[in-house]
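Here the structure is laid out as C-alpha cells; the discussion comes afterwards.
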Amino acid sequence: MPELPEVETIRIALRQGGRNGPALRGRTILSARLLWEGSLAEPSPAEFLDRIRRQRFEDFTRRGKFIVAQLTRDTLLIHLRMSGDLRVEPACDEQGQSLAPAEHDRVVLYCDDNLRLAFNDTRKFGRMWLTSDPQRVLGRLGPEPLAEDFNAEEFYRRLQKKHRQLKPLLLDQNFLAGLGNIYTDEALHLAGIHPCQISDQLTSDQTRRLWQAIREVLQSGIRHNGASIDWVYRGGNFQNTFRVYGRAGKPCPVCGHPIERRLVGQRGTHFCPVCQPAVYNVSSEV
DNA sequence: CCTGAAACCTGTCTGC
DNA sequence: TGCAGACAGGTTTCAG
C-alpha cells in the first residue's frame, strides 16, 4: 500500500482523528499485545511490552515512509511496507467486553479512553521499532521531497553524483525518501522522462521538470488521501487519477498511445513510449 | 559503485 | 472447478 501520501494520510488521522478512527495524540498506552513477534524489529518482545507501558503519544510526524510516534520517553517508528495499516478503535464494546483483534492484526496497543491502536499487516513485512535513538534507524534516508529546502538545484547535484537508471534510483530511499512504485511512474510520466534514463545524463531542464513532477504527484496524492489499491488499502481516491500506473495497454492520457509495461530493476514499470522517449545513447551503439 | 536475484509473507487474479 | 504461475504499494542481503 503505502508510499509517502498514504503514510501521511494515516499520520494526520492519528494526530487529528479521521479516516482510521479517533485521534490517538494525547492517549497513554496501558498495555500492549504482540500477536506476531516478527513485526517487532526492536527491542525484544519482553522489553517492548514492559517499556511501552505508561508512555503517552505526544505527537505523530513522518520521515519518508516511516510514521514517527513521539512517546513520553521513547520514539515508536512504524514502517507499513507492502500491506501494513493502522486502525484506532474502541478496545471494548458498550457492555465492557473486550473486542477480538481483527484478522491479520499483528500488534495492538491498548490506551486510556477505551481506545486501541491496531497494526494490521497481511504480508508480515511491516516493522515497529521502540527506541530512544530514532536516528539510528532513519539516519541514512535521503531528503524529504516536499521539504522547503529540497530544491531543484540540490536534486540536480544528487542526480549528477549517481550513474543509475532513474526508476530504481528514485525508489532508493537513501537517495530520496518517500517515493514508491506508483508515484515514481506517475512522476516520470508527468515529467516526460523515460524510466531507464541515466541519472547523470539528465539536463538541468529535465531535472527541474522531474523535481516539479515529483512534488506535484505527491501533493496530489495527499490531497486525495492517498490511493486505494485492491484489498490492501481503504481510503483515498488518488487511483482514479492514475496516468500510467496499472494502465498497461490503455491509452496515454496525453497522446493516446498505448501505455507500455516492462520490468525495470525488477519492478513493474508503466510509461508512454511517445511522451517518455528513450534517449539515444552514443556509447551503447547497436 | 552498480545490477540482479533471492528472501521475507499472504492473497488475488489469470489462463490452461 | 482445479491448479499452477504471475503478480502485488517495500526493503535487505548477498553474489558478481
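Order of the sequence lines sets the chain letters (A, B, ...), proteins ahead of strands, with each chain counted from 1.
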Donor-acceptor under 3.5 Å (A:T122 side chain, A:S83 main chain):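 No: the side chain of A:T122 does not pair with the backbone of A:S83.
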
Taking [atom1] from [X] and [atom2] from [N], how many angstroms apart are they, rounded to a whole number?
X: A:I182; N: C:dC7; atom1: CD1; atom2: C1'; answer: 14 Å
X: A:L263; N: B:dT3; atom1: CG; atom2: P; answer: 15 Å
X: A:D185; N: C:dA8; atom1: CG; atom2: P; answer: 11 Å
X: A:E3; N: C:dG10; atom1: CD; atom2: C1'; answer: 9 Å
X: A:E37; N: B:dC8; atom1: CD; atom2: C1'; answer: 17 Å
X: A:R123; N: B:dC9; atom1: CZ; atom2: P; answer: 11 Å
X: A:F125; N: B:dG11; atom1: CZ; atom2: P; answer: 12 Å
X: A:Y245; N: C:dC7; atom1: OH; atom2: C1'; answer: 10 Å

Got a list of side-chain donor-acceptor pairs under 3.5 Å for residues 28-45 of chain A, not counting sequence neighbours?
from, atom 1, to, atom 2, distance (Å)
A:E42, OE1, A:R136, NH2, 2.9
A:E42, OE2, A:R136, NH2, 2.6
A:S44, OG, A:E47, N, 3.2

Between [N] and [M], how far apart are the two [atom1] atoms, rounded to whole Å?
N: B:dA6; M: C:dG5; atom1: P; value: 15 Å
N: C:dA6; M: B:dA7; atom1: P; value: 15 Å
N: C:dC7; M: B:dA5; atom1: P; value: 13 Å

Pairs under 3.5 angstrom only: tabulate donor-acceptor contacts from the side chains of residues 159-167 of chain A to other protein residues two or more places apart or in another chain.
from, atom 1, to, atom 2, distance (Å)
A:Q160, NE2, A:L202, O, 3.3
A:H163, ND1, A:D200, OD1, 3.1
A:H163, ND1, A:D200, OD2, 3.0
A:R164, NH1, A:D172, OD2, 3.0
A:K167, NZ, A:N181, OD1, 2.7
A:K167, NZ, A:D185, OD1, 2.9
A:K167, NZ, A:G268, O, 3.3
A:K167, NZ, A:T269, OG1, 2.9

Tell me whether the OP1 or OP2 atom of B:dC9 has a side-chain N or O from A:H104 closer than 4.0 Å.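 Result: no.
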
Please tell me if A:K124 has a side-chain N or O lying less than 4.0 Å from either OP1 or OP2 of B:dC8.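 No, no such contact exists.
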
Taking the minimum atom-to-atom distance to the side chain of A:R261, which one of B:dG11, C:dC7, B:dT10 wins?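 The nucleotide sitting nearest to the side chain is C:dC7.
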
Sequence neighbours excluded - ring-ring contact (aromatic ring centres under 6.0 Å, His included) pairs with any residue from residues 176-202 of chain A: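 Output for this query lists A:Y183-A:F238, A:H194-A:F271.
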
What ring-ring contact (aromatic ring centres under 6.0 Å, His included) pairs are there with at least one residue in residues 61-84 of chain A, not counting sequence neighbours?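 Of all non-adjacent pairs touching residues 61-84 of chain A, those that pass ring-ring contact (aromatic ring centres under 6.0 Å, His included) are A:F66-A:H79, A:F66-A:W129.
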
Restricting to pairs with a member in residues 186-195 of chain A, which pass salt bridge (charged side-chain N to carboxylate O under 4.0 Å, His left out), not counting sequence neighbours?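 Of all non-adjacent pairs touching residues 186-195 of chain A, none passes salt bridge (charged side-chain N to carboxylate O under 4.0 Å, His left out).
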
May I have all residue pairs that pass salt bridge (charged side-chain N to carboxylate O under 4.0 Å, His left out) and include part of residues 238-256 of chain A, sequence neighbours excluded?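 Matches after skipping sequence neighbours: none remain.
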
B/S/- along nucleotides 11-16 of chain C (protein heavy atoms under 4.0 Å) is B-----

For A:F57, enumerate each residue passing the ring-ring contact (aromatic ring centres under 6.0 Å, His included) test, keeping only those at least two apart in sequence or located in another chain.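 With neighbours one apart ignored, the set is A:F60.
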
Going by ring-ring contact (aromatic ring centres under 6.0 Å, His included), name the residues that satisfy it together with A:F125, two or more places apart in sequence or in a different chain.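 Applying ring-ring contact (aromatic ring centres under 6.0 Å, His included) to A:F125 gives none.
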
Would you please say whether a donor-acceptor pair under 3.5 Å links the side chains of A:D85 and A:N120?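 No - no donor-acceptor pair under 3.5 Å links their side chains.
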
I need the residues from residues 158-167 of chain A with at least one non-hydrogen atom less than 4.0 Å from DNA chain B; give them sorted by number, or say none.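 Of all residues in residues 158-167 of chain A, the ones placing a heavy atom under 4.0 Å from DNA chain B are A:K162, A:H163, A:R164, A:Q165.
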
Only Watson-Crick and G-U wobble pairs, only distances under 3.5 Å, only runs of 3 or more: what stems does that leave for DNA chain C?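 Consecutive-pair runs (3 or more) involving DNA chain C: B:2-8 with C:10-16, B:10-16 with C:2-8.
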
Side chain to side chain donor-acceptor pair (under 3.5 Å) pairs, two or more places apart, involving residues 251-260 of chain A: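 Non-adjacent pairs meeting side chain to side chain donor-acceptor pair (under 3.5 Å): A:E260-A:R262.
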
Pairwise distance CZ(A:R127) to CG(A:L80) - rounded to 0.5 angstrom: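 So the gap between those two atoms works out to 12.5 Å.
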
